[in-house]
Amino acid sequence: MLELNFIRANKSRVIQGLKIKNFSEEDLQIVEEILSLDDTRKEVQTELDSLLAERNQLSKTIGDLMKAGKRAEAESQRERVGQLKEQAAKLEDSLKDTKVQLEELLLKVPNIPHESVPPGATPEDNEVYKAWASPLPELSSDALPHWELAQKYNIFDLELGVKLTGSGFPVYRGKGAKLERALISFFLDEATRAGFEEVIPPLMVNEDTARATGQLPDKEGQMYYVERDNLYLIPTAEVPVTNIYRDVILDAADFPVKMTAYTPCFRREAGSYGAHVRGLNRVHQFDKVEIVVLQHPDKSYETLQEMLAHVSGLLDKLELPYRILRLCGGDMSFTSALTFDFEVFSAAQKRWLEVSSVSNFETYQSNRMKLRFRDGKATRLAHTLNGSALALARVVAALLENNQTPEGIVIPKVLRDYTGFELLN
RNA sequence: GGAGGAGUGGCAGAGUGGUUUAAUGCACCGGUCUUGAAAACCGACGUACUGAAAGGUACCGGGGGUUCGAAUCCCUCCUCCUCCGCCA
């Protein structure tokens with residue numbers, strides 16, 4: 001959520017930003033609506049405050065009169081307070097209404113894109129920030145896509161998942177399960193080495209938590225919901241991990257706060273089936289190691305670069321061809337100011353698969369979350385950032401396809417200590 | 001799941017209807033003293049909204065209510081503690 005003061009002070013920049021996010025002229029009216037609603041809020045608030053001030057004063061007087069035994073005088077004051085209360089109740093209702101309306105409008109305003117964000121509406125408009133310089137791997141014509149390799153080597157079984165749960169819930173088996181666990185351990189160890197504190201968060205969160213990072217109300221349909229207990233299954237570790245610092249005031253010296261977590265991620269991904277989501281390309285449950293950073297506003301873009309370097313390092317070590325995209329305004333998430341996507345080339349499908357999304361949210365999440373730091377006497381909102389490092393399912397897909405040989409699938413060197421085997425066959 | 005108890009500032013802890021403007025202690029910060037430090041003493045010491053400022057308002061786990069007036073009384077939800085039951 002954008003800060004009201006920010007909108008007020010940077011109106012033209014906000015409008016400019018919303019245009020990059022493809023707001024129509026009509027939709028842009030929301031900025032004026034918000035500001036005028038906030039004016040109303042201030043007026044009502046001031047009026048209410050002065051009524052309450054008078055009431056407090058009178059109540060004190062009544063107390064004194066009662067003590068002094070001047071009952072009759074106290075009675076007459078009481079009537080006056082009665083009137084004040086009626087007025088105050090009306091104002092309170094109206095203030096509440098105004099605040100609710102204001103909140104609703106503010107929730108409709110996405111984050112303002114960073115100045116480097118290219119305009120555009122679809123993934124085609126994303127900018128290739130860093131291309132893959134070497135030639136892409138070419139496989140022989142009988143190369144198999146990963147879902148067929150999965151059958152051949154008994155790595156994972158989606159049909160079995162259907163039996164147990166439903167479509168999109170893979171069952172990893174044997175060396176496939178071990179490969180999965182190896183990747184998780186490798187990613188966590190790399191993150192730890194880079195100074196991230198490992199945490200194991202809950203996999204279900206309450207409404208407050210889901211709202212603070214922006215999943216509610218924007219992406220309600222994306223999450224699995226446990227109605228009986230009013231809990232949401234996390235779509236990413238970002239949600240519980242960032243919320244560790246909800247309602248916290250940090251010292252400037254605490255920056256950067258760096259955390260990493262492995263969790264399964266649950267996404268409903270309603271309504272898309274077909275060739276492009278076969279196998280592990282898109283599933284309802286997948287494993288992911290996430291990195292989260294809380295940073296001083298002056299340093300968050302520096303940190304974003306460090307996160308890109310970290311993710312690049314992982315893919316280099318796994319020897320997977322990848323490219324980095326800078327997302328255009330239309331393809332960026334609601335809450336992000338700048339997002340880089342990592343895509344890995346899956347050689348049998350001859351497709352780029354998204355395996356990581358690294359974003360700076362600036363103060364958009366921290367405002368909802370009331371995550372602040374002390375800056376001299378003042379408190380200011382911190383910047384929050386996060387990125388996948390990495391999302392497992394698609395990494396596995398690319399790894400299986402790219403490394404297939406007639407003898408089996410060659411395990412990258414960095415993983416061999418973790419898997420305990422060099423060849424998956 | 002059953003019975004009982006409890007939630008107050010960074011921490012400890014007082015406060016059961018009216019100078020609570022939340023006592024007191026500890027911690028932290030600034031100052032005096034000191035070669036330096038400690039001790040002692042003095043001062044400051046929550047968050048948010050509003051206002052040019054002075055000031056005003058709200059917040060004692062969350063929400064609602066009673067009252068002229070609520071940290072204090074009532075309802076409800078949440079969390080924690082103790083005991084019992086169940087359990088990896």
Side-chain angles (χ1 to χ4, degrees), chain A residues 1-9 34-106 200-212 216 225-232 240 243-255 257 294 363-382:
Chain A
M1 205 153 62
L2 292 178
E3 282 179 282
L4 259 167
N5 289 338
F6 176 84
I7 298 177
R8 197 173 283 284
I34 285 171
L35 291 178
S36 96
L37 208 51
D38 188 43
D39 288 337
T40 309
R41 193 205 100 239
K42 280 187 199 176
E43 280 170 32
V44 177
Q45 174 101 54
T46 308
E47 205 178 331
L48 176 63
D49 281 358
S50 65
L51 279 183
L52 291 177
E54 192 180 346
R55 184 205 64 184
N56 289 346
Q57 194 53 48
L58 281 176
S59 291
K60 203 171 274 181
T61 311
I62 291 173
D64 292 342
L65 288 172
M66 299 286 269
K67 258 189 216 162
K70 297 179 182 168
R71 203 158 277 275
E73 275 182 61
E75 281 307 323
S76 72
Q77 298 287 12
R78 243 186 233 192
E79 273 175 43
R80 171 68 187 142
V81 176
Q83 290 170 9
L84 285 176
K85 269 176 67 173
E86 260 177 57
Q87 288 178 47
K90 276 184 202 158
L91 286 176
E92 257 168 33
D93 286 348
S94 132
L95 185 64
K96 210 175 198 175
D97 278 359
T98 310
K99 280 185 172 171
V100 169
Q101 281 180 49
L102 197 53
E103 174 89 4
E104 272 172 19
L105 288 182
L106 280 170
I200 302 180
L203 304 183
M204 292 197 266
V205 295
N206 60 32
E207 233 174 281
D208 286 346
T209 297
R211 179 170 296 105
L216 290 179
Y225 174 54
V226 182
E227 191 170 3
R228 188 165 178 180
D229 298 288
N230 195 23
L231 294 172
Y232 295 87
N243 269 277
I244 290 173
Y245 285 88
R246 171 151 52 89
D247 291 321
V248 167
I249 303 179
L250 294 162
D251 285 322
D254 296 332
F255 290 128
V257 176
L294 316 180
T363 59
Y364 198 88
Q365 292 182 327
S366 59
N367 188 35
R368 283 197 191 181
M369 197 162 334
K370 298 289 167 263
L371 161 52
R372 293 161 291 175
F373 69 98
R374 289 185 201 287
D375 187 22
K377 276 193 169 180
T379 59
R380 289 172 62 193
L381 295 172

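Note that the coordinates shown come from a computational prediction; the quantities given were computed from them, not determined experimentally. Chain naming here is simple, since letters A, B, ... match the order of the sequence lines and numbering starts at 1 in each.
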Quick one: which protein N/O atoms are closer than 3.5 Å to N/O atoms of nucleotides 57-65 of chain B? Pair and distance per line, please.
unit_1: B:rU57; atom_1: OP1; unit_2: A:Asn56; atom_2: ND2; d: 3.2
unit_1: B:rU57; atom_1: O2'; unit_2: A:Asp49; atom_2: OD1; d: 3.0
unit_1: B:rG64; atom_1: OP1; unit_2: A:Lys96; atom_2: NZ; d: 3.3

query: How close or far is atom C1' of B:rU50 from atom CZ of A:Arg8, stated in whole angstroms?
result: 12 Å
statement: Contacts of A:Thr209 meeting side chain to side chain donor-acceptor pair (under 3.5 Å) (sequence neighbours excluded), chain-then-number -> A:Asn206, A:Arg246
- request: Figure out the CD/P separation between A:Glu43 and B:rG51, and round it to whole Å.
  value: 10 Å
field: Backbone N/O of A:Asn56 and side chain of A:Ser59: donor-acceptor pair under 3.5 Å
entry: no
task: Please report, rounded to the nearest Å, how far the P atom of B:rA48 is from the CG atom of A:Leu4.
output: 15 Å
Close N or O pairs between protein and nucleotides 86-88 of chain B (under 3.5 Å):
none

- request: Considering just the side-chain nitrogens and oxygens of A:Arg372, establish if one lies under 4.0 Å of OP1 or OP2 belonging to B:rA48.
  value: yes
- line: Per nearest nucleotide of RNA chain B, the residue lying toward the 5' end, A:Val81 or A:Asn5, is A:Asn5
- request: Kindly write out the residues that satisfy side chain to side chain donor-acceptor pair (under 3.5 Å) with A:Asp208, not counting sequence neighbours, or none if the list is empty.
  value: none
message: Test of understanding: with ring-ring contact (aromatic ring centres under 6.0 Å, His included), list the residues that count as partners of A:Tyr232, not counting sequence neighbours.
response: A:Tyr225
- prompt: Counting only side-chain N and O atoms of A:Thr379, is one of them less than 4.0 Å from OP1 or OP2 of B:rA48?
  reply: yes
field: Value rounded to 0.5 Å, distance of CZ in A:Arg374 from CG in A:Asp251
entry: 6.5 Å
message: According to side chain to side chain contact (heavy atoms under 4.5 Å, CB included), who are the partners of A:Arg380, at least two apart in sequence or on a separate chain?
response: A:His296, A:Pro297, A:Phe373, A:Asp375
Dump the pairs, protein N or O against N or O of nucleotides 72-78 of chain B, anything under 3.5 Å, distances to one decimal.
none

Side-chain donor-acceptor pairs of residues 34-41 of chain A under 3.5 Å, sequence neighbours excluded:
unit_1: A:Asp38; atom_1: OD1; unit_2: A:Arg41; atom_2: NH1; d: 2.2
unit_1: A:Asp38; atom_1: OD2; unit_2: A:Arg8; atom_2: NH2; d: 2.9
unit_1: A:Asp39; atom_1: OD1; unit_2: A:Arg8; atom_2: NH2; d: 3.3
unit_1: A:Thr40; atom_1: OG1; unit_2: A:Ser36; atom_2: O; d: 3.0

query: Taking only side-chain nitrogens and oxygens of A:Arg374, does any of them come within less than 4.0 Å of OP1 or OP2 of B:rU47?
result: yes
Show me, pair by pair, the donor-acceptor contacts under 3.5 angstrom made by side chains of residues 83-100 of chain A, not counting sequence neighbours?
unit_1: A:Gln83; atom_1: OE1; unit_2: A:Arg80; atom_2: NH1; d: 3.2
unit_1: A:Thr98; atom_1: OG1; unit_2: A:Ser94; atom_2: O; d: 2.7

statement: A:Leu91 CG to B:rG56 C1', in whole Å, measures 15 Å
message: Run the salt bridge (charged side-chain N to carboxylate O under 4.0 Å, His left out) test against A:Glu43 and tell me which residues pass, sequence neighbours left out.
response: none
Distance below 4.0 Å between A:Lys370 side-chain N/O and B:rA48 OP1 or OP2: no
field: Contacts of A:Arg368 that satisfy salt bridge (charged side-chain N to carboxylate O under 4.0 Å, His left out) - sequence neighbours left out
entry: A:Asp218
Using a cutoff of under 3.5 Å, can you pull out all pairs of nitrogen or oxygen atoms linking the protein to nucleotides 16-22 of chain B, with atom names and distances?
unit_1: B:rG18; atom_1: N2; unit_2: A:Ser59; atom_2: O; d: 2.7

